[in-house]
Structures are given as structure tokens and as C-alpha cells.
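Convention: sequence-line order gives letters A, B, ...; per-chain numbering from 1.
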4 protein chains.
Amino acid sequence: MRLDPSRERAILDATQELLSEVGFDRMSIDQIARRASASKATIYRRWPGKEALVADLICNHIKIDVPPPPDTGSMREDLVGAVTGFCEVLRRRHDMIFGLLPSLLTNASLAAALRGNLRRPDVTGTAPLIERARERGEPVGRIDPARLRTVVEALVWHRLLVTGEPLDREFAEEAVDGTLLPLIRSWTGAGV
Amino acid sequence: MRLDPSRERAILDATQELLSEVGFDRMSIDQIARRASASKATIYRRWPGKEALVADLICNHIKIDVPPPPDTGSMREDLVGAVTGFCEVLRRRHDMIFGLLPSLLTNASLAAALRGNLRRPDVTGTAPLIERARERGEPVGRIDPARLRTVVEALVWHRLLVTGEPLDREFAEEAVDGTLLPLIRSWTGAGV
Amino acid sequence: MRLDPSRERAILDATQELLSEVGFDRMSIDQIARRASASKATIYRRWPGKEALVADLICNHIKIDVPPPPDTGSMREDLVGAVTGFCEVLRRRHDMIFGLLPSLLTNASLAAALRGNLRRPDVTGTAPLIERARERGEPVGRIDPARLRTVVEALVWHRLLVTGEPLDREFAEEAVDGTLLPLIRSWTGAGV
Amino acid sequence: MRLDPSRERAILDATQELLSEVGFDRMSIDQIARRASASKATIYRRWPGKEALVADLICNHIKIDVPPPPDTGSMREDLVGAVTGFCEVLRRRHDMIFGLLPSLLTNASLAAALRGNLRRPDVTGTAPLIERARERGEPVGRIDPARLRTVVEALVWHRLLVTGEPLDREFAEEAVDGTLLPLIRSWTGAGV
DNA sequence: GAATAATCGAGACGGTACGTCACGTCTTGGG
DNA sequence: CCCAAGACGTGACGTACCGTCTCGATTATTC
């Protein structure tokens with residue numbers, strides 16, 4: 001008999017629940033086993049430990065999808081939409097991210113895997129936005145979308161982890177008007 | 001007899017050593033006690049647990065001092081120096097920061113205290129830099145130093161925590177030339 | 001300043017209370033100090049430890065007095081009275097005896113001291129009883145009062161510690177009629 | 001997997017050794033675990049604490065067997081043999097008995113169980129002794145063996161616990177000649 | 001009377017053992 | 001062969017006492 005996929009699902013589901021409820025540290029393998037009506041051996045047969053289980057969960061079994069920001073016809077509104085969308089993703093996964101980060105910091109391989117999942121190319125959806133602006137004839141010069149995305153991500157993560165202030169609309173507008181649009185203008189001007 | 005400050009010092013010193021040596025998770029209270037030639041009771045008399053001990057260590061007993069970046073006579077070099085200095089601080093405390101962040105995420109009051117310590121007004125030393133440029137007659141317009149500092153911090157933290165790439169000189173120059181200087185130019189131009 | 005006798009009293013009183021309430025093992029010096037509003041140092045200044053403190057309490061500060069059994073005019077009734085009186089003493093000190101016995105068994109010097117107090121010559125009051133019977137002209141032959149006392153004590157302690165059955169009047173009469181009186185008769189007959 | 005009986009044996013054996021070597025108070029659960037190559041959890045899975053473990057050991061896993069006293073052909077010698085045998089049992093288990101008694105006094109259910117073990121009907125082997133005397137034609141009348149056994153036990157326990165004097169042959173002969181034989185004679189005479 | 005010295009309460013100190021909990025491994029019996 | 005159940009050895013946790021110690025404050029003698 002081969003490994004039963006239904007057990008894997010039950011274990012991953014239980015893990016996801018507990019990760020949000022009590023966080024990574026306070027979540028024990030015994031708890032997961034109990035909630036999944038699984039045996040600890042069944043868990044350890046598939047994953048070498050708690051970190052690997054959670055890493056697998058985050059990287060391969062949870063879709064962190066950013067719905068593509070709507071085309072509003074205005075680059076500023078598109079940008080606010082992109083920032084807000086990314087904020088929304090982090091806020092929705094807030095419990096899980098906060099439950100997971102400890103191991104991200106102590107376990108390099110988990111961190112690497114997690115980063116791969118969190119930074120999929122399109123996570124902020126800023127590239128199409130620039131493209132649309134260009135198509136509308138707005139002056140956007142030669143903007144590297146990767147660099148723009150990095151700044152968006154950096155501002156949001158910084159807000160979430162370092163300042164701890166809320167990821168609200170006010171923040172999004174401030175970021176767009178105070179930093180992103182000036183940057184785009186500067187890159188555009190420099191490119192001319 | 002009141003709590004003996006010398007014991008507190010010994011315990012905090014031992015904690016700091018072990019935090020860097022083995023990390024937060026692998027560091028046990030018994031180890032700390034042994035290394036500090038203290039008793040576990042003496043530790044628990046002061047702090048309710050490992051997290052609180054480490055939090056206190058980081059927040060109140062470690063100076064995260066950024067040596068003011070040198071005056072190079074050029075705003076670009078000053079900026080590279082500021083970014084490099086902040087990177088240096090985080091890199092020097094890397095083990096400790098990574099050892100600490102777990103509790104930052106589960107303990108709200110610790111997180112608040114920690115943020116207060118990590119974000120002291122002058123941590124990146126960007127404000128005097130702008131001032132010097134202005135005195136040299138460079139066109140810096142009306143730049144809000146807080147906003148500039150936020151961008152610097154965001155880029156460095158993002159590099160450290162999210163991308164995980166090294167905080168080297170190449171990164172610093174890329175950040176200055178690709179993001180910070182364009183921003184400053186844009187803000188300055190807008191201010192004209 | 002010399003040692004304050006009032007502190008000694010307070011400490012001994014607290015010890016006696018706690019000994020009865022929670023027993024020797026569960027009684028801590030901290031508890032005694034707290035209840036006596038004394039400092040631990042004050043206790044250790046007088047006694048080397050818990051065992052010695054309790055030993056001193058039992059041996060020198062508690063009177064285990066057996067009220068002399070009444071003269072009933074009948075040797076049988078006098079004997080029942082003596083047994084009952086001894087039972088009464090043990091029953092009254094029941095909690096304390098049971099709280100103390102543990103250390104009696106592991107601490108030889110305490111045990112010796114305690115035995116000295118528990119076995120003061122007159123503890124069962126059987127000697128005068130025999131004397132009165134002799135004076136009334138009853139045939140009591142040459143009875144060694146020490147031996148009689150030993151049997152009385154043995155039967156009562158055995159009942160208390162080994163069988164655990166109640167020290168009631170039924171037991172006293174059974175002991176007198178089934179064992180003590182036959183013994184006295186036999187000793188008397190042998191002496192004739 | 002069910003509780004492994006071999007672990008139970010190893011733990012009980014280690015407990016028995018340590019109980020005799022260092023006594024109840026100085027014996028720690030960690031010591032027992034180490035000597036039994038067991039884990040503390042394995043111990044606590046079976047017994048709620050040290051007292052219960054030792055109680056179980058004494059009550060259910062140690063045979064306090066009194067080898068039936070030899071048939072010497074003389075009732076006096078048989079009696080001396082019986083008393084000596086019982087003394088021997090207590091002396092052999094001396095360390096363990098003394099290590100145990102604390103919990104006997106604070107734990108009622110343990111005390112009951114222990115009494116059941118210590119007072120199995122044949123513990124002093126006095127009943128067959130009387131029977132043999134009767135068969136040899138010696139005048140023993142209607143002696144209640146339970147009552148005789150109680151006196152034997154009471155005298156030995158009293159010697160052990162209260163007077164603390166040695167359980168030697170001198171004591172045994174004194175008890176037989178001074179108390180037991182007179183009692184038997186008296187009961188026999190009363191029965192005539 | 002002021003100075004001296006011992007005792008007081010309070011409680012911190014280095015230790016040791018406690019009983020609990022989670023880890024990751026291993027064993028059993030059923031499907 | 002996998003499964004659930006759960007016992008196993010290991011080791012850290014946070015608590016409770018032990019007996020020693022160091023504090024100021026409060027006395028009672030001594031000068």
C-alpha cells in the first residue's frame with residue numbers, strides 16, 4: 001500500500017489551522033496528529049519535522065494569489081490598487097505569516113523555500129500596470145518593473161514588521177504619492 | 001536585599017553570548033544560568049520567561065548605535081555611507097535579531113518596545129546628511145528626512161528578511177543610485 | 001541584644017500548627033517563617049534545620065501528659081482507664097504524631113530524642129494501678145510494672161500504626177480482658 | 001503499544017535499590033530514571049509520584065515472606081523461632097520500611113494497602129506452632145491464634161518503632177518467656 | 001544621652017528536585 | 001504495507017524548597 005493522499009490533506013489542513021490559531025512555536029506535532037486523527041508516525045513518514053511540514057504547507061499548498069489590480073484608467077489609482085492588493089494578501093495571511101516567521105529566521109532552508117513562494121514574479125502586479133500606462137501614452141520612460149516591485153514590497157513589509165502600523169488605505173496613498181509616483185517621475189525624467 | 005544588579009548583568013551577558021552562539025531556540029535557561037553562575041530562580045525572579053529576558057536584553061541593554069556616517073563632501077557618498085552603516089548594524093546584530101524576532105511576532109508589547117529601540121530617530125543618520133548637502137549649496141529642496149529614512153530602512157530590512165540577499169556594498173550603491181537619489185531629485189524638483 | 005524569646009514562641013506555635021495541618025513533609029520553613037512573621041534567618045539562628053526544630057518542639061515544648069487514671073476500686077476498671085487514657089493521648093496528638101513520624105524513621109537522633117519524650121516512665125500510669133490493687137489485697141504477685149507498661153504501649157501503638165483500627169473503648173476492653181488481665185493472672189500465679 | 005512490563009520491572013528494581021541505599025527522602029525520581037535507563041515520563045505515566053511508586057513497590061511487588069519457623073519439638077523454641085523470624089523480616093526490610101513509612105502516614109489508601117500486605121494472615125506463623133503443640137499433647141487449651149499473633153506483632157513493632165532497641169535473640173527470648181508463654185498458660189488455664 | 005552591637009523582618013542568592021510537556025523514534029495490532 | 005494509537009528516551013520548562021547571605025530598621029546595652 002502506498003502513502004494515502006487523504007492523510008496528507010488532513011495533516012496539512014490541521015497544520016494550517018493550528019498555525020493560524022496558536023502560531024508556529026506553540027503548535028505541537030501531537031496537536032496536529034490529534035486534530036488530523038493521524039498518528040505521529042504518519043506525519044514523520046512524510047516530513048522530517050515541524051519546520052519542513054510548515055515549509056511544505058506554505059510553499060506548495062497555499063496559494064498566495066494577488067488578484068490582478070483593476071484597470072482604473074489612471075496610473076495613480078492603479079498603483080494604489082496594487083499596494084492595497086498586496087497589503088490585503090499579507091493581512092489575510094497575517095496570522096500564518098506571524099506564526100511562521102520565527103522559523104524563517106532560524107531555518108535557512110525553510111527561509112529560502114518560503115522566499116521563493118512569497119516572491120513569485122507577479123506578487124504585486126506592478127508590471128502590467130506600467131504597461132497599461134505606457135499604452136495609454138503616459139510618460140513612463142524605461143522603468144524596471146522589478147525595481148518598482150521591490151520598493152512596493154519593501155514599504156509594505158517595513159510597515160508590517162518594523163513600524164507595526166496598520167496597512168490601511170491612508171498608508172497606500174501616502175506610499176504612492178510620497179514615494180512611488182515621485183520615483184516613477186524621476187526614472188522617467190532620467191530616461192528621457 | 002534588593003535585586004543584585006551584578007547578577008542581572010551576568011545573566012544578560014550570558015544571554016547575549018548564547019543568543020549569538022546557538023540562537024534563541026536552542027538556548028536554554030539552564031545554559032544561561034550555568035554560564036552566568038546564577039540560579040534559575042534568580043532568572044525567573046526578574047523575567048517571566050525566555051522571551052521576556054531576550055526582549056529586555058535587546059530593548060534595554062543593547063545599544064544599536066549607528067556611527068554617524070562620515071562627511072565625504074558628496075551627497076551620493078554620504079548616502080552610500082548611511083546605507084552601509086545601517087546594514088552594518090543589522091549585520092552585526094544579525095544572530096541576535098534573528099534570535100529575537102520570534103517573540104516580536106507573538107508578544108505585542110515586546111514588539112512595541114523593540115520597535116521603539118530599533119527606530120530611534122537617528123538610526124540611519126540621514127537627516128544630517130541632507131543638511132550638509134543643503135549647506136554645500138546642493139539642490140535638495142524641501143525633503144522630509146523621515147520619509148527618506150523610511151525608504152532606507154524599508155529597503156535594508158526587505159533585503160535582510162524577504163530576499164535574504166547579502167547586505168553588501170553593491171546593494172548599497174544600487175539602492176542609492178536606483179532609488180534614493182532619484183527620489184531626492186524628484187522631491188527636489190517637485191519642491192521647485 | 002539577646003535572642004528574643006517571643007520570636008521563639010511564635011515560631012514554635014507556627015510549627016505546631018503546620019505540623020498538624022499539613023504534616024512534616026509538606027511543611028516548609030518558608031511557611032513557618034511567614035506564619036510566625038519571622039525571618040528564615042531567625043529560625044536558622046536557633047535550630048539547624050526542620051528536623052531539629054520539630055524535634056525540639058515535640059521533646060521540649062509539648063507536654064504529653066497522661067492524666068493519672070482514676071482510682072475506680074477495681075483493677076479491671078483501672079486498667080481500662082489506663083489504656084483509654086493512653087489512647088486518648090495518642091488520639092489527641094494524632095495529627096502531630098502522624099506528621100512527625102516520617103522524620104522519626106529517617107533521622108536517628110530525632111528519633112532518639114522523641115522516644116525519650118514519649119516514653120517517660122509514667123506515660124501509661126500502670127505502676128500506681130498495680131500498687132493500688134496490691135494495697136486492696138488483690139493477688140497481683142511480683143509484677144514488673146515496666147513489662148506491663150510495655151505490653152500496653154505495644155498494643156496501642158500496634159493498633160494505631162499497623163492495623164489502623166480505631167482506639168475506642170471496645171478495643172480497650174478487649175485488650176484488658178483478652179491480654180492484660182490474663183497476663184497479670186499468669187505472672188501472679190507464677191510468682192506464687 | 002501498551003505499557004511495557006519490562007520497564008516497570010526495571011523501574012521497580014531501581015527504586016528498591018535506591019530506597020535501601022539512600023532512603024526515601026534522598027531518593028530522587030531522576031536517580032531512579034537514570035538507574036533504570038528509563039525516562040521520567042515513563043515513571044510518571046505509571047505512578048502519580050514518588051510516594052505512590054514506593055507504595056506500589058512495597059505493597060504489590062515485594063514478598064515479605066516469613067519462612068515457616070522450624071518444628072523444634074518444643075513450644076518455647078518454636079515461639080522463639082517465630083518471633084525471631086518476624087524480627088528477621090522487619091530487619092531485612094528495615095531500610096525499605098523506614099523509607100516507606102512517611103507516605104503510610106499521609107496517604108490513607110497507601111496505608112490501607114500496606115497494612116494488607118504487612119498483615120497477611122500467616123505473617124508470624126504462630127498458628128501452625130500452636131497446632132503442633134496441641135498434637136504433641138501439650139496443654140494449649142482454646143487459644144485464639146489471631147490474638148497471639150497480634151501480641152507478637154505488637155511487641156516487635158513496638159520494639160522497632162517506639163523503643164528503637166535491637167531486634168536480637170535476647171529480645172525474642174524475653175518476649176517469649178516474659179509475655180507469650182505466660183499468656184498461653186493463662187489462656188490455657190482459663191480454658192480448663 | 002550617644003555610640004555600639006546584636007537581632008529583627010524581609011527576601012535575594014546558588015542549588016536541587018519536582019512534575020509537565022514536546023520532541024522524534026519505535027512497537028503493537030488491525031485493515 | 002500503511003494506518004491509529006500511543007509508549008519510549010531525551011531534555012527544557014517553570015515552580016518550590018533548601019540553607020546561606022545581605023540588607024536597613026529597630027532595639028538594648030555600654031560608655
A.B. asks: Report yes if the side chains of C:L3 and C:E8 come closer than 4.5 Å at any heavy-atom pair, otherwise no.
C.D. replies: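 A side-chain contact under 4.5 Å is absent here.
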A.B. asks: Taking the side chain as every heavy atom from C-beta outward, state whether B:R7 and B:R46 have any pair of such atoms under 4.5 Å apart.
C.D. replies: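 Yes; the side chains approach each other to less than 4.5 Å.
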A.B. asks: With heavy-atom distances below 4.5 Å as the criterion, would you say the side chains of A:W47 and A:V54 are in contact?
C.D. replies: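 Result no, sub-4.5 Å side-chain heavy-atom pair not found.
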A.B. asks: Return the 5'-most residue of the pair D:A38, C:Y44 with respect to DNA chain F, ranking by each residue's nearest nucleotide.
C.D. replies: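 Final value for this comparison: D:A38.
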A.B. asks: From CD1 of A:I32 over to C1' of E:dC21, roughly how many Å is that when rounded to an integer?
C.D. replies: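 About 15 Å, once rounded to whole Å.
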A.B. asks: Does D:R2 or B:D4 map to a spot on DNA chain E nearer the 5' end, using the closest nucleotide for each?
C.D. replies: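 In this pair, the answer is B:D4.
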A.B. asks: Give a yes/no answer on whether the side chain of A:R46 brings an N or O atom under 4.0 Å of OP1 or OP2 in F:dC3.
C.D. replies: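 Yes, within the criterion.
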A.B. asks: With a cut-off of less than 4.0 Å, is there a side-chain N or O of C:R45 near OP1 or OP2 of E:dC8?
C.D. replies: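 Yes, because at least one side-chain N or O of C:R45 sits under 4.0 Å from OP1 or OP2 of E:dC8.
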A.B. asks: According to a strict under-4.0 Å criterion, is C:S39 in side-chain N/O contact with OP1 or OP2 of E:dC8?
C.D. replies: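 No, no such contact exists.
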A.B. asks: Reading DNA chain E from 5' onward, which residue's closest nucleotide shows up sooner: C:K40 or A:K40?
C.D. replies: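 Its nearest nucleotide being more 5', the pick is C:K40.
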A.B. asks: Does D:R26 make a side-chain N or O approach to OP1 or OP2 of E:dA17 shorter than 4.0 Å?
C.D. replies: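 No.
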A.B. asks: So what does D:R34 hit on the nucleic acid, given a heavy-atom distance under 4.0 Å: a base, only sugar-phosphate, or nothing?
C.D. replies: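 The answer is nothing, as D:R34 stays clear of every strand by at least 4.0 Å.
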A.B. asks: May I ask you to evaluate whether A:T42 reaches the phosphate of F:dA4, defined as a side-chain N or O under 4.0 Å from OP1 or OP2?
C.D. replies: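 Yes, because at least one side-chain N or O of A:T42 sits under 4.0 Å from OP1 or OP2 of F:dA4.
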A.B. asks: Counting side-chain heavy atoms from C-beta on, which of E:dG15, F:dG19, F:dG6 comes nearest to B:A41?
C.D. replies: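 Closest of the options to the side chain of B:A41: E:dG15.
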A.B. asks: Of B:M27 and A:A36, whose closest DNA chain F nucleotide lies nearer the 5' terminus?
C.D. replies: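 Mapping each residue to its closest nucleotide by heavy atoms, the 5'-most match is A:A36.
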A.B. asks: Just checking B:A33: base, sugar-phosphate only, or nothing, at a heavy-atom cut-off of under 4.0 Å?
C.D. replies: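 Result for B:A33 = nothing.
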A.B. asks: So, do D:M27 and D:T15 sit near enough that their side-chain heavy atoms are less than 4.5 Å apart?
C.D. replies: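 In short, these two side chains touch, coming nearer than 4.5 Å.
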A.B. asks: Taking only side-chain N and O atoms of C:R7, does any of them lie within less than 4.0 angstrom of OP1 or OP2 on E:dG9?
C.D. replies: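 For E:dG9, OP1 or OP2 has a side-chain N or O of C:R7 closer than 4.0 Å.
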A.B. asks: Does a side-chain heavy-atom distance below 4.5 Å link C:D4 with C:T42?
C.D. replies: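 The answer is no, as the side chains (C-beta and beyond) never meet within the 4.5 Å cut-off.
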